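The sequence lines fix the lettering, A, B, ..., with proteins before strands; numbering per chain opens at 1. As the structure is a prediction and not an experimental result, all values here were calculated from the model.
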Protein chains: 2
Amino acid sequence: MHDVAALAGVSHQTVSRVLNDFEGIRPETRERVLAAIEELGYRRNLAARALVTGQTQTIGMIGPVVPDIGPLSTLHALERSARAVGLHTMMTSTEPEPAAVRQALEFLLGRGIDALALAAQHREIIAAVEDLDPGIPVVHLLTGGTPAGASASIDQVEGARLAMQHLLDLGHTRIQHVAGPQSYTEARLRADAYRQIMAERGLESLPIVEGDWTADSGFHAADALVADATAVFCGNDQMAFGLLHHLTEKGIVVPRDMSLVGFDDTGEARHSVPPLTTVRQDFAAVGQLAVDLLAAQLGRGVAPAVQILEPEFVARYTTAAPRS
Amino acid sequence: MHDVAALAGVSHQTVSRVLNDFEGIRPETRERVLAAIEELGYRRNLAARALVTGQTQTIGMIGPVVPDIGPLSTLHALERSARAVGLHTMMTSTEPEPAAVRQALEFLLGRGIDALALAAQHREIIAAVEDLDPGIPVVHLLTGGTPAGASASIDQVEGARLAMQHLLDLGHTRIQHVAGPQSYTEARLRADAYRQIMAERGLESLPIVEGDWTADSGFHAADALVADATAVFCGNDQMAFGLLHHLTEKGIVVPRDMSLVGFDDTGEARHSVPPLTTVRQDFAAVGQLAVDLLAAQLGRGVAPAVQILEPEFVARYTTAAPRS
DNA sequence: CGCCACGGGGTGAACGTTAACGCAAGCCCC
DNA sequence: GGGGCTTGCGTTAACGTTCACCCCGTGGCG
């Protein structure tokens with residue numbers, strides 16, 4: 001910086017002023033400084049800057065340990081959006097145990113982050129972070145529920161309603177739900193919504209089969225379905241794929257003998273055999289929303305009004321009217 | 001730090017020594033310092049540390065803009081491994097254009113990174129980074145080819161050989177290849193290996209159909225297959241799913257009428273209908289390997305001998321002998 | 001003609017850490 | 001018994017920014 005100042009014939013402070021877009025700099029001076037910066041290939045040292053300002057311009061992200069495409073997509077989009085407004089991101093992951101969460105948080109805090117994006121929907125992780133109180137703005141990602149603080153989510157209840165409505169409209173009454181792990185807020189919200197909607201229609205809720213999001217667990221869930229179920233609302237696409245596989249293997253034809261609705265609309269959903277009817281979640285939009293929220297809290301830009309995005313129903317070929 | 005020093009009755013330098021595991025500290029003094037740190041909840045300021053050492057203990061990662069589960073898994077694993085040795089990671093992504101790559105690199109360099117992990121297999125990105133010469137250790141991820149510098153990869157030629165060998169052993173001679181975009185080194189390696197192996201057997205290489213990794217492109221590739229092909233070696237699982245979908249829709253039964261081999265072994269491969277025969281790549285292991293490589297270059301630990309991991313063939317139910 | 005306000009820019013200190021060096025006490029050895 | 005060496009710790013000066021404050025010239029006004 002001193003070299004730049006010397007070359008431009010000004011003081012280091014003026015260089016700093018130019019860099020930080022301060023007013024009260026004569027255009028010609030600014031040009032000289034900019035030219036000197038260009039010529040020397042000068043790059044501002046962010047460590048020194050962070051030292052004196054106490055801010056790192058960095059958003060810390062806590063993700064799940066299992067590389068799920070959903071949360072990962074959100075985080076990926078968050079990074080892009082953050083970069084667009086000059087913020088950096090730093091990501092780490094944690095197991096859902098208080099000690100591990102604490103360690104992950106300490107890791108990020110130790111590195112210096114100005115805000116935290118929590119993409120771990122596990123209840124224990126959320127609780128642990130709340131407990132630790134990081135002392136910086138926090139936004140919860142994809143929890144889908146009622147936000148304690150700021151949160152960027154997709155409306156899970158509405159998503160479940162879209163899926164269920166479709167099955168009900170087709171005439172199904174014996175609808176079963178294959179849920180994700182109930183330790184995940186989103187899984188619980190979908191399961192609750194399932195029960196709620198069945199009750200609203202005066203229908204009997206069938207036992208909820210709990211999977212672990214993987215296609216494998218969906219495969220095994222097929223064995224746990226009640227005999228007279230005619231449709232299954234799956235907590236995510238992966239489990240739907242596993243279920244579809246097992247049903248097909250058993251000679252149960254989808255959608256003739258059984259209707260199936262997934263959740264997420266992953267890239268493969270369009271090309272399963274048959275293509276999966278599902279509910280689309282725009283994970284990337286959640287990342288963008290989170291950055292808007294955080295940027296506002298960091299004093300840049302204004303907070304968006306909407307914090308809950310709407311899911312979208314995608315009709316394909318795994319649903320049909322029940323056989324009478 | 002001064003507060004800690006005061007409480008422990010030592011100088012700040014001694015605190016620093018304890019923090020950095022220097023020798024020549026009396027155990028009892030170290031205990032006093034540690035106790036003071038604990039009591040005050042002191043956390044070292046990494047910005048100040050980076051300022052004076054010129055090192056950030058951070059690995060920068062450049063990933064693709066499209067959130068593919070493969071590279072993302074690798075990056076995710078890289079983060080975990082890095083954290084285990086006390087390194088941080090910072091990720092960004094870039095389009096495959098020199099200007100964008102430059103910007104991404106500047107972004108990371110500006111933030112201060114000690115090493116770079118390049119998880120963008122696009123040739124243009126690799127070239128651009130090489131061109132810019134970041135001046136820090138670089139490791140290429142998943143390029144699968146001959147490493148210019150350090151690289152952590154899975155042997156693509158061997159993977160292709162496993163897939164092809166299987167089809168050849170079944171008696172196929174009219175084998176076609178649906179490749180990924182040839183701008184990706186790995187796609188090109190697989191395609192080259194396909195041609196090479198066909199030639200070795202004295203078989204005619206069929207026209208290579210180029211997709212874009214997505215299931216959609218695999219779906220469309222079905223229209224471009226030659227009439228008498230009896231087997232397809234797909235560049236990845238996603239395209240195989242799309243292909244499988246289209247073939248099934250056309251009434252072509254897999255594997256009776258057509259054999260199909262994928263690549264990657266994604267979580268869904270086990271549960272397609274029928275389950276996909278494929279070649280497994282251990283993406284997480286690549287991330288771990290990359291950290292080992294980088295840590296060695298950063299002066300911690302010793303570099304692993306192996307830089308190329310072996311893929312593994314996974315036999316499922318999309319392949320059979322050709323109908324005679 | 002003198003004073004003041006203000007635009008434009010410079011000066012020194014401070015942020016929290018590590019590196020380089022200094023220094024005292026104790027020990028060994030001839 | 002004194003000189004050198006080791007052990008254990010303290011002192012001072014950086015690192016590259018930004019912040020708070022000061023200073024100088026110029027123009028307007030009474």
Query raised in the report: Quick one: what's the B/S/- string for nucleotides 9-18 of chain C, heavy-atom cutoff under 4.0 Å, read 5' to 3'?
Result: BBBB--BBBB
Query raised in the report: If you pin A:P27 and B:F22 to their nearest nucleotides in DNA chain C, which one's is more 5'?
Result: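 In this pair, the answer is A:P27.
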Query raised in the report: Atom CG of B:D68 and atom CZ of B:F283: how far apart are they, to the nearest 0.5 Å?
Result: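 These two atoms lie 8.5 Å from each other.
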Query raised in the report: So how far is it from B:I69 CD1 to A:I69 CD1, rounded to the nearest 0.5 Å?
Result: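 Those atoms lie 4.0 Å apart.
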Query - By salt bridge (Lys or Arg N to Asp or Glu O under 4.0 Å) - contacts of A:E106 (at least two apart) - result: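 A:E106 satisfies salt bridge (Lys or Arg N to Asp or Glu O under 4.0 Å) with B:R43 only.
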Query - A:T58 side chain to B:R111 side chain, donor-acceptor N/O pair below 3.5 angstrom - result: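 Yes.
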Distance-only donor-acceptor hits, side chain of residues 113-125 of chain A, under 3.5 Å, sequence neighbours excluded:
| residue | atom | partner | partner atom | Å |
| --- | --- | --- | --- | --- |
| A:D114 | OD1 | A:T56 | N | 3.1 |
| A:D114 | OD1 | A:T56 | OG1 | 3.3 |
| A:D114 | OD2 | A:T56 | N | 3.2 |
| A:D114 | OD2 | A:Q57 | N | 2.7 |
| A:Q121 | NE2 | A:E186 | OE2 | 3.0 |
| A:H122 | ND1 | A:E124 | N | 3.4 |
| A:H122 | NE2 | A:S183 | OG | 3.1 |

Query raised in the report: Starting at CD of B:E23 and ending at P of D:dT7, how long is that distance when rounded to a whole Å?
Result: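 Checked: the CD to P distance equals 9 Å.
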Report task. Walk me through it: do A:H88 and B:F107 pass the test ring pair (Phe, Tyr, Trp, His ring centres under 6.0 Å)? Result -> CA-CA 9 Å; A:H88 302 251; B:F107 183 76; 4.2 Å; yes
Report task. Keeping to residues at least two apart or across chains, list the side-chain hydrogen bond (donor to acceptor under 3.5 Å, both in side chains) pairs with something in residues 24-36 of chain A. Result ->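 Applying side-chain hydrogen bond (donor to acceptor under 3.5 Å, both in side chains) to every pair that reaches into residues 24-36 of chain A, excluding sequence neighbours, yields A:D21-A:R30.
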**Report entry** Five-pair end axes of the helix from C:dC1-D:dG30 to C:dC30-D:dG1 and the angle they enclose, rounded to 10°
**Finding:**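 Here the helix ends are tilted 50° relative to one another.
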Query raised in the report: Which pairs with one or both residues in residues 1-26 of chain A pass ring-ring contact (aromatic ring centres under 6.0 Å, His included), sequence neighbours excluded?
Result: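 Pairs touching residues 1-26 of chain A that pass the test: A:H2-A:H12.
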